[in-house]
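Each chain gets a letter, A, B and so on, in the order the sequences are listed, and its residues count up from 1.
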Protein chains: 2
Amino acid sequence: MATSEQQQTASRPGGRSARVLAAVEQAATELICERGPEQISIPAVAARAGVNPTSIYRRWGDVHQLLTWVAESRLTSDSLPPDTGSLRGDLRRWAQLLLEHISTPEGSASLRTVVNAVGDGEVRDRCLRRRVDQIDLIRARARARGEKPPATGKVMDQVVAPLHFRVLFGIEPTDAACARALVDGLLAAAPAVDSGQGE
Amino acid sequence: MATSEQQQTASRPGGRSARVLAAVEQAATELICERGPEQISIPAVAARAGVNPTSIYRRWGDVHQLLTWVAESRLTSDSLPPDTGSLRGDLRRWAQLLLEHISTPEGSASLRTVVNAVGDGEVRDRCLRRRVDQIDLIRARARARGEKPPATGKVMDQVVAPLHFRVLFGIEPTDAACARALVDGLLAAAPAVDSGQGE
DNA sequence: ACCTTAAAGCCAATATCTTTGCTCTTTGCT
DNA sequence: AGCAAAGAGCAAAGATATTGGCTTTAAGGT
């Protein structure tokens with residue numbers, strides 16, 4: 001669940017601190033899912049986590065930064081796309097896993113939060129990079145097999161974007177079939193493009 | 001700018017009330033752009049609008065509902081897509097206008113706000129419907145000319161979704177060329193599909 | 001012009017969040 | 001084991017946000 005190692009240089013990451021970190025992350029996640037991001041306060045998170053509010057204020061600053069931190073740690077914690085033996089299979093499986101990951105209550109709440117981290121373009125960039133890296137891995141594997149994968153930008157536009165759009169706007173359905181259809185549409189449209197990169 | 005007529009049945013929408021409504025909308029918009037949605041409070045909006053905080057509390061309830069109301073009125077206030085004489089031209093022009101509309105500071109802030117209106121699926125639906133209606137208008141015009149427009153769902157997935165995704169995640173560029181490229185990609189992929197509806 | 005009353009304004013009371021200075025605990029090191 | 005210091009807990013002060021009772025304004029109808 002990606003518990004720590006990103007907030008600060010962690011000059012003392014042991015026992016108690018780690019416990020606080022974990023308790024806060026879980027409490028915040030629960031409250032986000034129960035009440036939505038708008039209805040959360042630091043005192044509330046602290047109470048649920050069994051931690052002193054002051055500790056949260058000192059470590060994270062304000063609710064917004066806390067939520068952003070939780071959201072990012074969630075969005076960048078999914079696993080690598082499995083190798084299924086073909087480009088199409090890889091993309092289908094990956095798209096399906098991605099959709100599952102972002103359409104859970106925690107996932108969609110995280111998405112909303114990250115999108116709202118206005119001033120903080122870096123957070124959004126790190127979340128995007130995760131997707132780009134996954135796509136590039138799949139593309140590299142495809143090329144190694146002799147297949148011609150579509151440009152990364154195309155995958156972002158035609159698969160990642162629609163999936164995120166659906167989740168963010170609550171458009172049904174968001175199931176495996178829909179992920180699969182998007183991938184098939186992409187491969188049908190640009191069957192053999194090998195331009196080096198997208199974006 | 002869609003000032004009123006949606007908040008309540010408005011048993012007394014005249015003079016002073018209308019003035020308050022407009023002042024609050026403008027003040028909220030300004031503050032959102034200056035500080036971001038997270039840093040806004042009702043007292044702050046009231047001060048900027050030259051209105052008593054109590055009036056805002058009584059009319060809108062809380063900051064979240066106020067922001068959602070402002071965002072929705074913005075997102076549903078763009079003009080109808082102009083008729084350029086061809087499907088491709090209509091889609092290009094419309095996509096470009098849409099992108100301009102949502103990539104302004106006010107537009108992207110509204111998008112973030114609406115997306116964050118978690119409990120309120122209705123708000124998101126009304127904003128989506130706006131897009132669907134625009135697409136359907138373009139499709140109807142195309143059919144009247146004898147052209148075969150792509151399904152609404154395809155347009156949503158391949159044009160609306162990528163545009164919103166780019167704006168929400170701050171992916172550059174978000175210019176006319178990019179809107180145009182998405183439309184051309186869509187028309188190249190599904191040149192002559194006339195399935196009744198998408199979605 | 002005059003009434004009625006929805007809605008705005010005012011102000012005080014209350015609740016809630018945030019900060020600050022301090023002490024206490026316990027980690028990581030020697 | 002014992003030490004220095006990072007970081008957690010505590011409590012009181014300070015700042016902000018929210019609510020409620022009441023007065024005042026002015027819109028919409030007669």
dT30(C) - base-pair partner by Watson-Crick or wobble geometry, distances under 3.5 Å =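 When the pairing criteria are applied, dA1(D) turns out to be the nucleotide that pairs with dT30(C).
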Checklist entry - Mind checking who dG14(D) pairs with, Watson-Crick or G-U wobble, both distances under 3.5 Å? => result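 Base partner found: dC17(C).
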Roughly, in whole Å, what's the span from [atom1] in [X] to [atom2] in [N]?
| X | N | atom1 | atom2 | value |
| --- | --- | --- | --- | --- |
| Ile42(A) | dA8(D) | CD1 | C1' | 15 Å |
| Leu21(A) | dT27(C) | CG | C1' | 15 Å |
| Gln65(A) | dT18(C) | CD | P | 12 Å |
| Trp60(A) | dA8(D) | CH2 | C1' | 12 Å |
| His64(A) | dC17(C) | NE2 | C1' | 17 Å |
| Arg19(B) | dG9(C) | CZ | P | 10 Å |
| Glu38(B) | dT18(C) | CD | P | 13 Å |

Does one hydrophobic cluster hold both Val160(A) and Leu97(A), with members joined at side-chain heavy-atom distances below 4.5 Å?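 Result: no, two separate clusters.
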**Asked** Are Leu75(B) and Val132(B) connected in a single hydrophobic cluster, I mean Ile/Leu/Val/Met/Phe/Trp/Tyr linked by side-chain heavy atoms less than 4.5 Å apart?
**Response**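 Per the 4.5 Å side-chain linkage, Val132(B) and Leu75(B) are co-clustered.
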Practice item. Name the residue closer to the 5' end of DNA chain C, choosing between Ala44(A) and Thr54(A) according to the nucleotide with the nearest heavy atom. Key: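 Its nearest nucleotide being more 5', the pick is Ala44(A).
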Neighbour count >12 (heavy atoms, 6.0 Å) for atom CZ, Arg180(A):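 No, the 6.0 Å shell around CZ holds no more than 12 heavy atoms from other groups.
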Of Gly15(B) and Tyr57(B), the one whose closest DNA chain D nucleotide lies more 5':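 Per heavy-atom nearest nucleotide, the more 5' residue is Tyr57(B).
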Worked verdict on Asp184(B) versus Arg92(B) for side chain to side chain contact (heavy atoms under 4.5 Å, CB included): CA-CA 8 Å; Asp184(B) 287 347; Arg92(B) 279 182 174 175; 2.9 Å; yes
Straight-line distance of Lys154(B) NZ to Leu187(B) CG, nearest 0.5 Å
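The NZ atom of Lys154(B) sits 12.0 Å away from the CG atom of Leu187(B).
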Under-4.0 Å side-chain N/O to phosphate OP1/OP2 contact, [X] with [N]:
| X | N | value |
| --- | --- | --- |
| Ser17(A) | dA8(D) | yes |
| Arg58(B) | dA7(C) | no |
| Ser55(A) | dG9(D) | yes |
| Arg59(A) | dA6(D) | no |
| Ser41(A) | dC17(C) | yes |
| Asn52(B) | dC10(C) | yes |

Practice item. Examine the base of dT25(D) for any acceptor or donor lying under 3.5 Å from a partner atom in the side chain of Arg16(B), and report the outcome as yes or no. Key: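 Indeed, a donor on one side and an acceptor on the other fall under 3.5 Å apart.
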